[in-house]
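Just so it is clear, the structure is predicted and the values come from calculations on it, not from any experiment. Residue indices begin at 1 and follow the sequence shown.
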Amino acid sequence: MRALLPSLLALALHAGVHAQTPSAWNGELRAHVELQRANGRGPLAQANRVAPGTAAAPRDAAVAEAGLRGQLRIVSADLHLRQERREGGAHAQDARLNELHAGGEAPAALLGEGVQWNAGKKVVAWDVGHGFRPNDVVQVEPRRQLLPSRPEGRPLLQLEGFSLDGAWTLVWANPHHLNARAGEARRGEESALALRAYRHAGAADWHGFIRWGERTQGSVGAALAWVVSDAVEFHASARWMRRHDGFALDAVPGAGGLPVAGANPWREATLGAASQWLLGVTWTHASQLSVLAELWHDGTTLADAAWDAWSARGAALSALGNQPALRPALAGQLAWQSTPWNAQNLRRDAALLRVSWRHEGWEPVAELLVNPADRGHALTASLAWQGDRWRLEGGLRQYGGPSDALLAQLPARRTGYLAATVAF
């Protein structure tokens with residue numbers, strides 16, 4: 001793979017430079033560096049102080065990527081290649097098909113006029129909103145990545161119908177995970193049926209959603225995008241679910257009254273009912289200056305009381321550092337404290353403010369995310385220039401807040417990137 005990727009990059013670049021005729025295929029090459037500053041606070045930093053090397057520390061990286069997309073008759077494909085070199089000499093390679101699906105017109109005699117079918121691996125992203133999308137029930141795409149990449153689709157079967165002012169989409173996502181064990185098919189990997197209905201009425205777009213997951217059972221949702229005036233747009237989304245996947249803490253302390261468990265006490269589990277919602281407004285000036293404000297609630301992540309218990313356990317573990325005999329076990333216990341960070345939102349409630357401006361190919365962006373519960377925040381600034389084929393960009397994200405804020409305890413205190421992309 002290490003020898004193959006540079007060859008494919010060179011071949012793709014040669015094809016882009018020397019192509020003389022239009023093609024159904026297109027792609028891009030991107031080279032970027034990732035810059036990370038390790039955090040001195042938080043459970044992972046504590047674990048490494050107790051026993052260096054317990055948890056992987058954030059490291060800078062140089063990354064080369066290639067994407068090739070196209071269509072041949074009824075088959076569409078999106079190939080992604082990636083090679084990275086981390087600080088310290090570690091190498092990693094990845095080659096995957098983000099999409100590979102066939103599609104066409106469904107038999108009119110069976111399903112009516114204007115119905116399309118798709119089968120294979122495909123990106124199906126739903127809902128409104130920028131920082132969070134409660135009704136993105138098929139793709140479950142990570143939001144607010146510092147340097148976004150093309151998402152990897154889900155295996156699915158899909159029917160989609162259109163009319164002059166509406167559409168509907170029926171998806172069976174992850175049919176290959178039917179009857180799979182829970183640990184192999186959580187969240188976006190779960191086998192599920194999902195239905196979306198869309199209707200355009202005046203200045204408003206209305207969306208309705210129904211999903212039935214094999215384990216999590218039913219959920220319903222609705223969304224609205226309303227163009228209030230030439231300058232103002234309002235959007236909202238809400239979802240209620242019968243069950244959801246989340247993190248649970250097994251009973252601790254362990255033997256002897258110490259907060260030490262024999263295995264990771266944090267586990268993924270299928271939990272009870274939950275709700276999610278988002279409210280947002282966008283103001284755009286004629287000069288292409290845009291301001292976005294959003295508030296959201298995510299009932300699938302840990303409640304404030306659960307995070308309080310997490311903090312209390314962390315404090316109890318830290319106190320054991322004064323007992324040398326417990327230090328070997330202590331480092332692993334502290335590292336396990338990072339397990340519930342593997343969620344789309346850390347706190348249930350969040351506020352986002354984003355300001356951007358587009359002018360002659362340039363786009364500066366400033367963004368602030370705040371968790372009111374603990375006053376943790378993430379401040380992001382980026383600058384991009386877009387030409388006919390080239391895109392140059394860079395960005396920086398700083399996490400902060402009081403010492404007990406979750407965002408202030410993440411492994412990386414500061415992350416940044418510089419990237420160059422050429423399309424062909």
Salt bridge (Lys or Arg N to Asp or Glu O under 4.0 Å) involving Glu268 - partner list, sequence neighbours excluded: Arg187
Check: Glu363/Trp385 side-chain N/O donor and acceptor closer than 3.5 Å: no
Nearest heavy-atom neighbours spanning Ala412 and Tyr399: O-CD1, 3.4 Å
Salt-bridge criterion met for Glu65 and Arg30 (N-O under 4.0 Å): yes
Results of ring-ring contact (aromatic ring centres under 6.0 Å, His included) for Tyr198 - residues two or more places apart only: His207
Donor-acceptor contact below 3.5 Å, side chain His177 vs main chain Glu189: yes
Thr415 and Glu34 side chains, donor-acceptor separation under 3.5 Å: no
Electrostatic pair Arg154:Glu190 at N-O distance under 4.0 angstrom: no
Glu28 with Arg389: basic N within carboxylate O range, under 4.0 Å: no
Results of salt bridge (Lys or Arg N to Asp or Glu O under 4.0 Å) for Glu160 - residues two or more places apart only: none
Pairing of Arg215 and Asp245 as salt bridge, 4.0 angstrom limit: yes
Salt bridge (Lys or Arg N to Asp or Glu O under 4.0 Å) partners of Arg413, counting only residues at least two apart: none
Any side-chain donor near an acceptor of the partner, Trp172 and Ser191, under 3.5 Å: yes
ring-ring contact (aromatic ring centres under 6.0 Å, His included) contacts in which one or both residues fall within residues 216-247, not counting sequence neighbours: none
Salt bridge present between Asp374 and Arg347 (N-O < 4.0 angstrom): yes
Sole residue of Glu233, Glu294, His130 in side-chain hydrogen bond (donor to acceptor under 3.5 Å, both in side chains) with Thr282: Glu233
Under the salt bridge (Lys or Arg N to Asp or Glu O under 4.0 Å) test, residues paired with Arg59 that sit two or more places apart: none
Check ion pair Arg199-Asp165 (N to O, under 4.0 angstrom): yes
Note: Glu141-Arg133 ion pair, threshold 4.0 Å (strictly below): no
salt_bridge(Arg144, Glu367) N-O dist < 4.0 Å: yes
